[in-house]
Amino acid sequence: MPRYELEVVERQEPKPDHVELLLDAPSLAAALTPGQFAHVWTPGRLRRPISFSRATPDGRVGLLFRVVGSGTRWLADRRVGDRLDVLAPLGHGFPTPETGPVLLVGGGVGIPPLFVAAQRWAATHPLSVILGARTADAVVMVADFQALGLEPSISTDDGSLGELGRVTSPLTRWLARNDGGQVLACGPTPMLAAVAELVGDGRPCWLAYEQRMGCGVGACLACVVPGVGTDGQPEWLRVCHDGPVFSSRRLWWARRPEEA
Amino acid sequence: MDLATRVGAVRLANPVLAASGTFGFGPEYDGLVDVAQLGGVAVKGIAPVPWRGNVPPRVWETPSGLLNSIGLQNPGVERFLAEDLPYLRDRGATVVVNIIGRTRAEYAAVARRLDGELGVHALELNISCPNVKEGGIQFGHDPAEAAAVTRAVKGATTLPVWVKLSPNTHDLPGMAQAVAAAGADALSAINTLVGMAIDVEHRRPALGGVTGGLSGPAIRPIAVRAVWEVSQAVDIPVVGMGGIETATDVLEFLLAGASAVMVGTATFSQPGAMIRIIQEMPTVLARYGFDSVRAAIGAAHPGRLTT
Ligand SMILES: Cc1cc2nc3c(=O)[nH]c(=O)nc-3n(C[C@H](O)[C@H](O)[C@H](O)COP(=O)(O)OP(=O)(O)OC[C@H]3O[C@@H](n4cnc5c(N)ncnc54)[C@H](O)[C@@H]3O)c2cc1C
Ligand SMILES: Cc1cc2nc3c(=O)[nH]c(=O)nc-3n(C[C@H](O)[C@H](O)[C@H](O)COP(=O)(O)O)c2cc1C
Ligand code: FES
C-alpha cells in the first residue's frame with residue numbers, strides 16, 4: 001500500500017462538527033473498494049483511520065469525519081491547498097454484491113463508506129438505503145444519496161429527522177419485503193450486532209468495523225476484534241488488514257449479540 | 001561514510017534495525033520499507049506455540065508516547081518458520097528473532113527450534129515484556145532468573161543471543177552483569193515501561209490489558225540513561241532503543257554506548273522513518289565530526305572526551 005501526500009482541493013462542513021475534505025487523488029479514486037480506509041497522519045504518535053466517503057469521476061476522494069478529539073480537530077483545521085499524508089487504500093472493503101437487492105445500513109460516521117458503495121453499485125444493483133444517528137445533526141450525505149436517485153429511510157434516536165427510533169425498524173420492514181438480497185452495514189458496534197442478528201444466516205451480511213489502531217497495515221496486532229475461526233474457535237481478526245469489512249459469519253460479536 | 005557496525009559476531013550494513021512488535025514480519029510494510037536496506041529486522045516475539053494476547057483496546061496515545069498491551073500475540077515458532085520467515089530470508093534481511101516463553105524450558109525450546117535455520121541471524125530474548133502476567137517480565141526482574149534463562153537458551157543454540165532488558169527494575173547494571181556472565185552475546189535496551197491511562201469518557205482503563213508498555217519519545221531519556229549505564233557495566237555490545245525518530249537520536253544512542261539501535265513506535269506514524277534515518281546518518285555523523293558509525297560508539301563516555 002502506497003503513501004501519498006494529497007492536496008486538499010475542497011473543504012465542506014456538511015453538519016455541525018462534521019468536516020469532509022476532498023483530496024486530489026486520481027489513482028486512488030479509480031482503485032478504491034467501498035469500505036477501504038486511509039490512515040491519515042496527524043500530530044502525535046498515531047495516524048487516524050478514516051474511511052473514504054466518495055470517489056469522483058474527476059479523480060477526487062473524500063474523507064468525512066466527526067470532530068471527536070485532537071486528531072480529528074487537527075484534520076478539521078486543514079484548508080484548501082494543504083496536503084495530507086495518507087497510507088491508502090487500506091484494508092478489505094465490501095465485496096461486489098451478488099445480483100439481487102442490496103441494502104445499505106449506515107449509522108452516523110458509518111454512513112460515508114456506504115456512499116462509496118452506492119456510487120459503485122447504484123447502476124448495477126437495486127439499492128435501498130437506511131441511515132440512522134442519534135440526532136439530525138449526525139445524519140450525513142442524505143443529499144448525496146438522493147443525487148444518485150436513492151431515497152434513504154432515515155431514523156434518529158430523538159426523532160429530530162425521519163422516524164423516531166433505531167435503524168432496526170426500517171431494517172425489519174426491508175427484510176420482510178425482500179426474500180433474498182444482501183446487507184452491507186457500517187456504524188457503531190451495537191448497531192452492527194443488532195443488524196447481524198436481524199439479518200440472520202439466510203442472506204449475506206457484511207459489516208464494517210472500527211477498532212483502535214497502531215500501524216494500520218497489519219504489523220502491530222493492535223486493532224483486533226474477536227472472530228470465529230474456521231474450526232469454530234475464537235480467533236483475533238485485524239480490523240486494518242483482515243477487515244475492516246467482515247462477513248457477519250466470521251464475527252464473534254455478530255454471532256452473539258448479547259456479548260456486544 | 002562507513003555506516004557498518006557489528007553486534008558481536010553479527011555484522012550490520014548500518015546501525016538501524018526495526019524493533020520487535022512494531023514491524024510484524026516484514027510483508028506488512030511491503031512497498032513502504034525495503035527490508036534489505038535496514039540494518040536488520042527484529043520480528044514479533046515468538047513462543048513455542050501460538051499465544052492469543054490481550055483483549056482490545058490494545059493501543060492508546062499519550063503525550064509524546066504510546067501505550068500498548070498487545071500481550072505477545074504470536075503465531076508460534078512453527079508457523080513463523082513456515083509462513084513468515086521466508087519473506088525476510090528471500091530479501092536478504094538480517095533477522096533477529098525475538099523469543100518469549102512462560103518457562104525457561106519454553107525459551108530453550110524456541111531457541112533450539114531456530115538453531116541452524118537459514119535466514120535467522122540472532123535471537124533476542126524478551127525477558128522484559130510488561131504485558132504478560134506469567135513469564136516474560138518476571139525473568140526481567142530477578143538477575144538470578146534472568147541469568148538462568150540466558151544460560152538455558154545459550155545451551156540450546158549456536159546463534160548469538162541478545163538479552164532484552166526491562167527498564168522496570170531498580171538495578172539495571174546488576175541485571176546486565178548477571179546475563180553477561182551467563183553468556184549473553186549482547187544486550188538490547190530498553191523494552192517498554194509499565195504505564196496506564198484511563199478512558200475518562202467511558203470511565204474505565206484505556207487498555208483492555210489495564211496496564212501497558214510505554215514507548216516513543218516519552219521514554220527516550222530513560223533509554224539513553226539505560227544504555228549509558230549498561231554499556232559501562234559490561235563488555236558485550238548494547239543495542240539501544242526507545243523513542244528514536246531521527247538520525248540525531250541515533251547518534252545520541254551511539255554516543256551513549258550503543259553499537260546499533262532499533263526503531264519502533266516511529267514507524268507507525270512514519271513508515272519510512274527508518275529508511276530516512278539511514279539516509280540522513282552520513283550527514284549527521286559528518287556534522288558532528290565522525291567518519292564512521294563505529295567512531296561514534298561510546299564517544300560520550302568518560303575518558304573518551306576528545307574536544
Ligand atoms: C476503519 C475505520 C474507519 C473509520 N472511518 C471513519 C470515518 O469515515 N469518519 C469518522 O468520523 N470516523 C471514522 N473512524 C473513527 C476515527 O478513526 C476516530 O474518530 C478518530 O481516530 C478519532 O481521533 P481523535 O484524535 O479525534 O480522537 P481521540 O479520542 O483523541 O483519539 C485517541 C486515539 O483513539 C483512537 N480512536 C478514537 N476513537 C476511535 C474510533 N471510533 N475508532 C478507532 N480509533 C479511535 C484514535 O485514532 C487515537 O489513536 C474510523 C475508524 C476506523 C477504525
Ligand atoms: C505495539 C508494540 C509491540 C511490541 N512488541 C514487542 C515484542 O513482541 N517483543 C519485544 O521484545 N518488544 C516489543 N515491543 C517493544 C519495542 O520493541 C521497543 O523495545 C520499545 O517500543 C521502545 O522503542 P520505541 O520507543 O522506538 O518504540 C513492542 C512495542 C510496541 C509499541
Ligand atoms: S493496526 Fe496494526 S495490526 Fe491493525
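None of these values were measured; they are calculated from a predicted model. Letters go in sequence order (proteins before strands), and every chain restarts at 1.
- A salt bridge between B:E245 and A:R45 is present, with a side-chain N of the basic residue lying under 4.0 Å from a carboxylate O of the acidic one.
- Taking a 6.0 Å sphere around CZ of A:R166, one finds it holds 12 or fewer heavy atoms contributed by other residues, nucleotides or ligands.
- Using a 4.5 Å heavy-atom cut-off against chain B, no residue of residues 25-40 of chain A qualifies as contacting.
- Your options are B:S64, B:A266, B:G26, B:G21, and the one with the most heavy-atom pairs under 4.5 Å with chain A is B:S64.
- When atom types are taken as modelled, the side chain of B:R58 and the backbone of A:V224 share no donor-acceptor pair closer than 3.5 angstrom.
- Counting heavy atoms from C-beta outward, A:L46 and B:W60 have side chains that stay 4.5 Å or more apart.
- With contacts defined as side-chain heavy-atom distances shorter than 4.5 Å, the pair B:Q270/A:W41 qualifies.
- The candidate with the highest count of non-hydrogen atom pairs below 4.5 Å against chain A, out of B:S269, B:P271, B:G24, is B:S269.
- Other residues, nucleotides and ligands place no more than 12 heavy atoms under 6.0 Å from the CZ atom of B:R203.
- Atom CD of residue B:E28 and atom CZ of residue A:R238 lie 6.5 Å apart, to the nearest 0.5 angstrom.
- The nearest pair of heavy atoms linking A:A219 to B:Y29 is CB-CE1, 3.7 Å.
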Run B:V55 and A:W236 through side chain to side chain contact (heavy atoms under 4.5 Å, CB included) and show every step you take. CA-CA 9 Å; B:V55 293; A:W236 295 121; 4.2 Å; yes
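- Atom NE2 of B:H121 has more than 12 heavy atoms from other residues, nucleotides or ligands within 6.0 Å.
- Taken to the nearest 0.5 Å, the CD atom of A:Q233 stands 9.5 Å off from the CZ atom of B:R52.
- Rounding to the nearest 0.5 angstrom, the gap separating the CG atom in A:L221 from the CG atom in B:N54 is 11.5 Å.
- Among B:P217, B:S215, B:G53, the residue with the largest count of heavy-atom pairs under 4.5 Å with chain A is B:P217.
- Legend: salt bridge (charged side-chain N to carboxylate O under 4.0 Å, His left out) pairs involving residues 219-236 of chain A, not counting sequence neighbours, sorted by first then second residue: A:E235-A:R250.
- Under the rule for a salt bridge (charged side-chain N to carboxylate O under 4.0 Å, His left out), the partners of A:E5 that lie at least two apart in sequence or sit in another chain are A:R3.
- Using a 4.5 Å heavy-atom cut-off against chain B, the contacting residues of residues 80-89 of chain A are A:D85, A:L87.
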